[in-house]
Amino acid sequence: MNGRVYVSTVVAEGPVNGTVVRVVLGARRTYTPEGALHWLRGQAYRIADGLDPDPYAAWVAYSGPVLVPVPVGAQVPHVPSVLRAWCDDHGQQDAARRQLVCGDRLIVSAADASGRYTLTTVPTALPELSVVECGVRGRRRRRRRWWWPFRRTRRRRHARSSTPPRVPHMEGFV
């Protein structure tokens with residue numbers, strides 16, 4: 001472990017009733033930059049599939065007139081395309097991993113007329129624990145025997161019953 005925790009968040013911001021509303025769609029803490037990038041890619045695909053689903057999916061047929069096609073020549077920023085392109089570009093993924101390893105913040109953002117989607121990972125340093133704080137003194141603590149009270153209660157239970165206690169290691173030797 002490199003002594004860092006990578007805190008990743010996914011946030012959506014957009015206008016609702018005249019005010020800008022910020023909604024945290026997810027957050028995750030990992031201990032490796034690869035784990036943080038893997039989670040961010042999964043969230044980017046989730047957002048892209050939610051905004052631009054497969055038109056032949058079964059649930060789209062029941063959605064009614066919710067999905068509206070965009071004209072071919074229109075110059076509209078397309079958030080799902082931006083997020084999918086970031087996920088599929090290996091060069092950008094390697095650069096993002098190097099950025100996280102160096103301790104820099106990673107921000108991936110895409111916006112259109114409906115809002116802005118921001119994927120962020122912030123590396124934070126873990127405090128170093130000294131030997132005194134951990135309670136380790138160089139020798140192993142002796143473990144308590146869990147079976148001793150159990151054996152004592154079994155003896156008492158058998159002493160109260162009318163039948164004599166069975167001795168398991170003596171069975172079969174007569």
Side-chain angles (χ1 to χ4, degrees), residues 1-138 140-141:
M1 191 163 81
N2 59 3
R4 289 193 179 139
V5 174
Y6 298 90
V7 180
S8 304
T9 56
V10 178
V11 177
E13 296 174 290
V16 176
N17 295 331
T19 62
V20 176
V21 176
R22 183 175 191 258
V23 178
V24 177
L25 299 177
R28 172 111 184 196
R29 182 176 56 192
T30 59
Y31 295 101
T32 62
E34 292 83 10
L37 284 174
H38 178 75
W39 187 79
L40 283 181
R41 278 192 304 270
Q43 295 300 306
Y45 278 125
R46 181 176 70 98
I47 292 170
D49 290 342
L51 293 174
D52 187 18
D54 181 17
Y56 301 107
W59 67 271
V60 174
Y62 299 110
S63 64
V66 173
L67 301 176
V68 179
V70 177
V72 177
Q75 295 294 326
V76 177
H78 197 241
V79 171
S81 298
V82 172
L83 294 176
R84 287 184 181 123
W86 178 77
C87 291
D88 295 336
D89 188 4
H90 296 293
Q92 286 187 359
Q93 293 297 312
D94 288 339
R97 190 186 65 76
R98 283 192 303 271
Q99 188 175 353
L100 289 175
V101 167
C102 291
D104 296 333
R105 174 182 297 186
L106 173 69
I107 299 174
V108 177
S109 183
D112 62 1
S114 66
R116 173 178 297 280
Y117 299 90
T118 307
L119 293 81
T120 307
T121 298
V122 179
T124 57
L126 286 175
E128 294 295 327
L129 296 177
S130 66
V131 174
V132 176
E133 291 173 352
C134 293
V136 178
R137 305 218 180 218
R140 188 174 166 185
R141 287 184 48 187

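Along the sequence shown, residues are numbered consecutively beginning with 1.
- Residues passing the side-chain contact (heavy atoms from CB on, under 4.5 Å) test with A12 are L25, Y117, sequence neighbours excluded.
- Side-chain contact between W39 and T121 is absent, with no heavy-atom pair separated by less than 4.5 Å.
- Listed by chain and number, the residues in a side-chain hydrogen bond (donor to acceptor under 3.5 Å, both in side chains) with D94 amount to none (sequence neighbours excluded).
- Taking R28 as the reference, nothing meets the side-chain hydrogen bond (donor to acceptor under 3.5 Å, both in side chains) condition, with sequence neighbours excluded.
- Between A110 and V82, the shortest heavy-atom distance links the atoms CB-CG1, 3.8 Å.
- Remark: R41 CZ to D88 CG distance equals 10.0 Å, nearest 0.5 Å.
- The environment of R29 atom CZ is sparse: at most 12 non-hydrogen atoms of other residues, nucleotides or ligands sit within 6.0 angstrom.
- Separation of atoms CZ (R97) and CD (Q92) is listed at 15.0 Å; rounding is to 0.5 Å.
- Within the structure, side chain to side chain donor-acceptor pair (under 3.5 Å) pairs that include any residue of residues 100-110 comprise S109-R116 (at least two apart or interchain).
- Evaluation of the side-chain contact (heavy atoms from CB on, under 4.5 Å) rule for P80 yields A48, L51, D52, H78, R84 as partners, not counting sequence neighbours.
- Among all heavy-atom pairs drawn from L40 and S8, the shortest one is CD2-CB, 4.2 Å.
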field: Derivation of the side-chain contact (heavy atoms from CB on, under 4.5 Å) call for Y6 and L106
entry: CA-CA 10 Å; Y6 298 90; L106 173 69; over 6 Å; no
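- In this view, S114 and D112 satisfy the side-chain hydrogen bond (donor to acceptor under 3.5 Å, both in side chains) rule, not counting sequence neighbours.
- The two residues L100 and R4 make their nearest non-hydrogen contact at O-NH1, 3.7 Å.
- Listed by chain and residue number, nothing satisfies the salt bridge (charged side-chain N to carboxylate O under 4.0 Å, His left out) test with E13 (two or more places apart in sequence, or in another chain).
- Qualifying side-chain hydrogen bond (donor to acceptor under 3.5 Å, both in side chains) partners for D89, counting only residues two or more places apart in sequence or in other chains: none.
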